[in-house]
Asker: 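Just dropping this structure here.
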Amino acid sequence: MDKLAFLLSEGVKNLWRHKLTSFSSIFSIFLTLIISGTLIIVSQNTSKVIEYLRDKYKIEVFFKNEITFEKVEEVVSNINKINGVRSTTVISKDDAEKIFKSQFGEDIMKIIGYNPLPISCVVNIVKDDTKTINIASIINKLKSFQEIDEINYQGRIISRIEGYYQLFVRLMTSILIIVFFISIFTISNTIRLTIYAKEKLIESLQLIGATRSFVKAPFIIEGILIGFIGSALSSLLLIGLLEFSYDLIYTYLSFKIEYDIKLLILTLCSLSIIISFIGSSRATARFLK
Amino acid sequence: MDKLAFLLSEGVKNLWRHKLTSFSSIFSIFLTLIISGTLIIVSQNTSKVIEYLRDKYKIEVFFKNEITFEKVEEVVSNINKINGVRSTTVISKDDAEKIFKSQFGEDIMKIIGYNPLPISCVVNIVKDDTKTINIASIINKLKSFQEIDEINYQGRIISRIEGYYQLFVRLMTSILIIVFFISIFTISNTIRLTIYAKEKLIESLQLIGATRSFVKAPFIIEGILIGFIGSALSSLLLIGLLEFSYDLIYTYLSFKIEYDIKLLILTLCSLSIIISFIGSSRATARFLK
Amino acid sequence: MIQLNNLSYTFEKGGGVSNIEMSMQDDEFAFLIGPTGSGKTTLLRLIYMDLLPQVGNVIIGEYDSDGIKQKQIAFMRRKVGMVFQDYHLLEDRNLFENIALPLHVIGCSKDEIVDRVKDSLDEVGLGGKESHYPGELSGGEQQRACVARAMIKEPDVILADEPTGNLDPVTSFELIKFFEEINREGTAILMASHNYNLIKGRGHRIIEIRNGSIRKS
Amino acid sequence: MIQLNNLSYTFEKGGGVSNIEMSMQDDEFAFLIGPTGSGKTTLLRLIYMDLLPQVGNVIIGEYDSDGIKQKQIAFMRRKVGMVFQDYHLLEDRNLFENIALPLHVIGCSKDEIVDRVKDSLDEVGLGGKESHYPGELSGGEQQRACVARAMIKEPDVILADEPTGNLDPVTSFELIKFFEEINREGTAILMASHNYNLIKGRGHRIIEIRNGSIRKS
Ligand SMILES: Nc1ncnc2c1ncn2[C@@H]1O[C@H](COP(=O)(O)OP(=O)(O)OP(=O)(O)O)[C@@H](O)[C@H]1O
Ligand SMILES: Nc1ncnc2c1ncn2[C@@H]1O[C@H](COP(=O)(O)OP(=O)(O)OP(=O)(O)O)[C@@H](O)[C@H]1O
Ligand SMILES: [Mg+2]
Ligand SMILES: [Mg+2]
């Protein structure tokens with residue numbers, strides 16, 4: 001017990017003695033964990049985000065002027081059967097009139113006495129992210145309807161956003177890998193500095209008959225402390241940020257972030273233990289013969 | 001001469017001995033200089049960027065339907081006299097017809113036999129960044145014309161972009177100030193570590209009769225070396241990036257970046273000298289009594 | 001029991017010891033003498049296995065240097081008290097902490113450590129200097145601290161390298177008497193020294209080393 | 001000329017020297033003796049102004065400790081050669097670099113440094129060990145290295161603190177003879193020592209210090 005207390009206090013002293021380098025290790029662990037935490041949350045929400053984005057997909061279809069509303073309804077029911085189409089919303093001539101008003105600031109009925117605008121239909125795409133959507137094939141199928149005059153779609157922009165999202169995930173992953181190794185490196189560097197500063201102590205301990213594990217223990221403890229502080233800080237920040245942004249995002253985008261605090265903290269802690277353990281063993285293995 | 005060579009070689013050895021912490025100082029100086037370099041370039045281009053953005057400002061004015069083209073021309077010449085208006089472009093009924101076609105995929109002439117769309121006019125705003133524009137007052141003056149039916153303007157979005165630009169400049173400046181102090185701090189920390197490691201040497205030198213400046217010299221040299229490496233690296237990166245992005249930005253935005261390489265390098269070098277000098281004197285003053 | 005069989009060790013830059021053949025009983029008190037640079041310190045380092053022999057082997061108690069593991073060396077050293085020629089005191093720990101270190105290593109309780117450190121400091125005449133850092137002790141006081149540290153774990157063997165170099169004749173004489181007392185209680189002592197006056201006529205075995213070889217034993 | 005006027009210095013934790021009144025001529029050779037912990041090292045530290053007196057003052061050559069500036073202390077020290085009890089050799093520099101350091105400080109040229117270091121190492125019998133680091137030298141060799149470093153700048157005064165503690169009698173005797181030779185060439189020497197046998201009957205002045213005060217001079 002007293003031996004353990006001794007080793008622990010030695011570890012804390014080591015940490016404190018090199019406050020500044022310890023701080024940089026804590027910071028790099030912190031960074032690693034923030035990034036991995038973000039990635040965990042992102043991956044938990046990926047399907048929801050893609051669903052959310054696809055919800056905004058729409059293809060606008062304009063029908064020929066002579067087509068009656070009944071005919072339109074028939075065509076729309078066929079459109080609904082196309083693979084990849086989730087739902088459709090028909091925009092009647094009255095709806096179109098309102099859109100015209102908002103676009104041009106004019107009441108078309110007043111000007112020409114009747115409504116020349118065509119019936120149109122908004123085609124919504126399936127939201128489920130497990131299915132990859134081939135917009136082009138849907139467009140081709142729509143074009144095959146003789147009743148359809150023009151097809152407008154913003155699909156390109158939105159699938160580009162989806163692409164950005166995936167790029168972001170991939171980028172974060174690569175950054176995560178980089179900062180992961182940087183963390184290991186800075187931790188082992190910090191501990192190496194401590195080992196340098198304690199050269200005499202280490203030598204004396206070995207001459208006195210301390211086993212290798214006794215000599216190593218304070219350095220391993222130092223590393224674990226650094227890891228612990230880093231993971232505590234990053235968990236706090238992440239949870240704080242989540243709590244804060246949850247309401248914000250819900251209010252502005254009506255998107256509910258999904259997360260599991262227990263899983264998050266657990267993952268961060270185990271990651272930090274892995275990093276600090278590898279980092280400090282690397283330092284002690286290389287510098288304590 | 002031999003004394004100088006001795007002090008110089010001591011300085012280089014110090015730097016080399018703490019490669020890793022030296023690296024972090026070099027990196028923080030590098031960061032500071034990259035940010036200040038960016039700010040210098042940004043401030044040299046501010047007026048051009050604002051001019052570029054204002055070039056995209058426009059206010060759309062719709063005339064009442066009964067107003068003749070001659071009357072419109074008269075009104076437009078009055079609009080041109082408004083303070084803050086640079087130029088105007090009249091959009092005739094024919095132009096409006098084309099816009100309608102592209103929006104609705106329909107030829108309005110074919111449908112109703114005549115063109116019900118109103119004449120409109122795009123009002124451009126002065127570009128000169130020395131004048132701050134009061135969009136609201138221009139709008140009010142436009143509203144006072146009886147011939148005008150509706151006014152559409154994106155001014156808000158674009159002046160928001162201008163606001164973002166200024167926010168960016170301010171943000172960068174604050175970050176600059178922060179990293180500036182972080183740099184001084186990390187340099188003095190690095191040198192402090194060297195001083196710690198050289199405690200015995202310093203003590204021995206003082207006991208042998210070395211003056212304080214002789215003892216300090218290698219540490220100051222170490223600091224200046226760090227500063228020099230940092231400024232060389234950041235100058236190289238900035239110039240490389242500029243050369244690369246100049247063509248790119250010109251091709252895509254037809255915007256020519258203005259910069260003065262000599263001024264840039266000079267500023268970066270003097271900044272790095274200031275930082276490393278303050279940093280190393282701080283360390284030596286505090287830790288060499 | 002210490003036994004050195006045909007022991008040789010040569011440093012890369014020259015110097016060292018060669019063909020050392022020697023043995024010591026469990027309760028023996030022996031002096032190791034020889035001119036400066038003759039290999040006394042090297043021989044002692046070989047015995048406590050700070051250096052491992054290039055030729056021959058060292059047997060100390062149950063431990064044989066042949067193929068010994070790091071862990072066993074640590075355990076062996078817990079039974080050997082060493083007084084280093086260059087003290088090896090830790091500059092950043094005070095006298096109390098320096099002397100307590102060997103007890104932390106073997107895992108004593110806090111109370112026991114306080115008691116034993118106090119006793120051993122009193123024994124070497126350093127009582128009251130517990131809070132001094134090594135730099136705040138005189139040369140002779142540092143040397144006695146080193147003796148106290150070697151003694152505190154009540155070792156089976158004491159290897160002392162020039163423990164009186166910075167002591168005045170009176171204090172040196174007291175130290176020898178102290179060593180003799182411990183020896184009588186059953187601790188083997190091997191002490192390297194230049195101080196012929198102190199050594200001679202005390203009836204202990206004298207081992208002379210010259211140029212890395214034992215001359216007479 | 002060294003002159004100590006009513007000198008006192010007490011450490012925070014106790015110990016030190018008090019009311020020291022003493023003077024030495026430019027060509028004198030004096031021994032400083034006293035039991036361990038009596039204040040010999042403290043007195044020498046006061047003379048080379050590593051400690052500044054709390055009461056009284058030290059005059060060494062043209063320098064007076066009263067209100068002296070850091071820079072002047074540095075210049076004073078260039079004329080004083082010091083042999084430290086704990087050597088103060090730099091562990092991470094080899095023997096050559098250690099000995100050369102004082103010459104770098106006064107700004108000698110490279111060639112001169114090489115020549116003078118070689119000569120002074122030969123003088124103390126360490127020729128050929130230039131590339132050894134302090135940890136690779138025996139205790140006595142380190143002590144002689146320390147003597148060489150003190151001597152290399154041809155000082156006006158040599159302050160030697162226990163320079164024979166790790167030397168065998170023969171080498172110690174040689175060192176004293178060497179000091180006497182230097183002294184005959186006009187260098188003042190003040191040497192703290194425990195080794196009464198070495199000192200007595202050589203006709204030099206002996207200053208005895210006990211409990212921080214000079215007893216007889
Ligand atoms: N690590 C080393 N590397 C190279 N040579 C060494 C090393 N340690 C000692 N030597 C050399 O080996 C020889 C014997 O050294 P040792 O320290 O054993 O002498 P010693 O008898 O203890 O002398 P002293 O009485 O001066 O302490 C010396 O010439 C020394 O220079
Ligand atoms: N820095 C210090 N702080 C506190 N006490 C000190 C300090 N230096 C020395 N002392 C104490 O002052 C007294 C005189 O020390 P000093 O080193 O002058 O003795 P010395 O005569 O050189 O002894 P030795 O022969 O053992 O070297 C000792 O009791 C010592 O503990
Ligand atoms: Mg030795
Ligand atoms: Mg002393």
Side-chain angles (χ1 to χ4, degrees), chain B residues 1-23 190-226 280-289, chain D residues 44-45 47-52 60-61 63 69-93 97-114 116 134 145-146 148-157 159 161:
Chain B
M1 254 329 287
D2 282 312
K3 195 164 167 174
L4 196 75
F6 176 76
L7 291 175
L8 241 148
S9 88
E10 290 287 308
V12 175
K13 268 186 226 154
N14 287 353
L15 185 75
W16 191 244
R17 200 187 165 124
H18 291 103
K19 286 183 278 302
L20 286 161
T21 37
S22 302
F23 174 77
T190 306
I191 288 166
R192 210 189 59 172
L193 275 179
T194 320
I195 291 176
Y196 275 158
K198 300 263 161 177
E199 233 168 9
K200 292 261 153 163
L201 173 65
I202 292 167
E203 198 191 334
S204 294
L205 281 175
Q206 285 179 332
L207 287 177
I208 278 166
T211 54
R212 209 183 302 193
S213 47
F214 184 90
V215 173
K216 275 185 182 180
F219 302 106
I220 304 278
I221 289 172
E222 185 190 355
I224 289 173
L225 274 176
I226 289 176
S280 45
S281 338
R282 186 172 164 270
T284 50
R286 253 183 81 184
F287 301 100
L288 298 182
K289 355 124 244 197
Chain D
L44 293 177
R45 285 178 72 192
I47 295 176
Y48 66 80
M49 300 187 197
D50 188 24
L51 299 172
L52 287 174
I60 178 163
Y63 303 95
K69 286 199 195 102
Q70 197 66 41
K71 204 173 188 106
Q72 281 183 299
I73 292 181
F75 288 132
M76 175 274 286
R77 285 181 181 165
R78 293 185 190 180
K79 296 183 184 160
V80 178
M82 287 161 293
V83 182
F84 301 99
Q85 194 172 7
D86 49 357
Y87 313 158
H88 271 305
L89 296 170
L90 298 169
E91 292 295 331
D92 56 351
R93 288 176 195 236
E97 292 166 325
N98 264 292
I99 309 301
L101 213 53
L103 299 182
H104 282 297
V105 169
I106 55 176
C108 286
S109 77
K110 211 156 194 165
D111 295 339
E112 200 187 339
I113 289 176
V114 173
R116 283 172 71 172
C146 202
R149 188 181 54 185
M151 229 80 88
I152 196 159
K153 51 188 173 184
E154 293 168 359
D156 296 344
V157 184
L159 304 174
D161 197 356

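Keep in mind it's a predicted model, so treat the numbers as computed, not measured. All chains are named by letter (A, B, ...) in the order of the sequence lines, taking the proteins before the strands, and each is independently numbered beginning at 1.
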Asker: So do D:Ile106 and B:Phe214 actually touch side chain to side chain, heavy atoms under 4.5 Å?
Answerer: no

Asker: If you tally heavy-atom pairs under 4.5 Å against chain B, which of D:His104, D:Lys71, D:Lys79 wins?
Answerer: D:His104

Asker: Is the closest basic N to carboxylate O distance between D:Glu91 and B:Lys198 below 4.0 Å?
Answerer: no

Asker: Looking at D:Leu89, D:Leu90, D:Asn98, which hits side-chain contact (heavy atoms from CB on, under 4.5 Å) with B:Ser204?
Answerer: D:Leu90

Asker: For D:Ala74 and B:Ala210, which heavy atoms make the closest approach, and how far apart are they?
Answerer: CB-O, 3.6 Å

Asker: Rounded to the nearest 0.5 Å, how far does CZ of B:Phe6 lie from CD1 of D:Ile113?
Answerer: 8.0 Å

Asker: If you draw a 6.0 Å radius around NZ in B:Lys13, do more than 12 non-hydrogen atoms from other residues or ligands fall strictly inside?
Answerer: yes

Asker: For a side-chain contact (heavy atoms from CB on, under 4.5 Å) check, start with the C-alpha distance between D:Arg93 and B:Leu201, then their side-chain angles and the critical distance, and finish with the verdict.
Answerer: CA-CA 10 Å; D:Arg93 288 176 195 236; B:Leu201 173 65; 3.6 Å; yes

Asker: If you apply the rule side-chain contact (heavy atoms from CB on, under 4.5 Å), what do you find for D:Arg77 with B:Gln206, and how did you get there?
Answerer: CA-CA 9 Å; D:Arg77 285 181 181 165; B:Gln206 285 179 332; 4.3 Å; yes

Asker: Any donor and acceptor pair, going by atom type alone, linking the side chain of D:Arg78 with main-chain N or O of B:Ile208 inside 3.5 Å?
Answerer: no

Asker: Within this structure, what is the OG1-CD1 distance for the pair B:Thr211 and D:Ile73, rounded to the nearest 0.5 Å?
Answerer: 12.5 Å

Asker: Is there a side-chain contact (heavy atoms from CB on, under 4.5 Å) between B:Glu203 and D:His88 once you walk through the steps?
Answerer: CA-CA 9 Å; B:Glu203 198 191 334; D:His88 271 305; 3.1 Å; yes

Asker: Counting only non-hydrogen atoms closer than 4.5 Å, does B:Leu207 touch chain D with its backbone (N, CA, C, O), its side chain (CB onward), both, or neither?
Answerer: both

Asker: Side chain from CB out, backbone as N, CA, C, O: work out which of these in B:Glu199 comes under 4.5 Å of a heavy atom of chain D, or both, or neither.
Answerer: neither

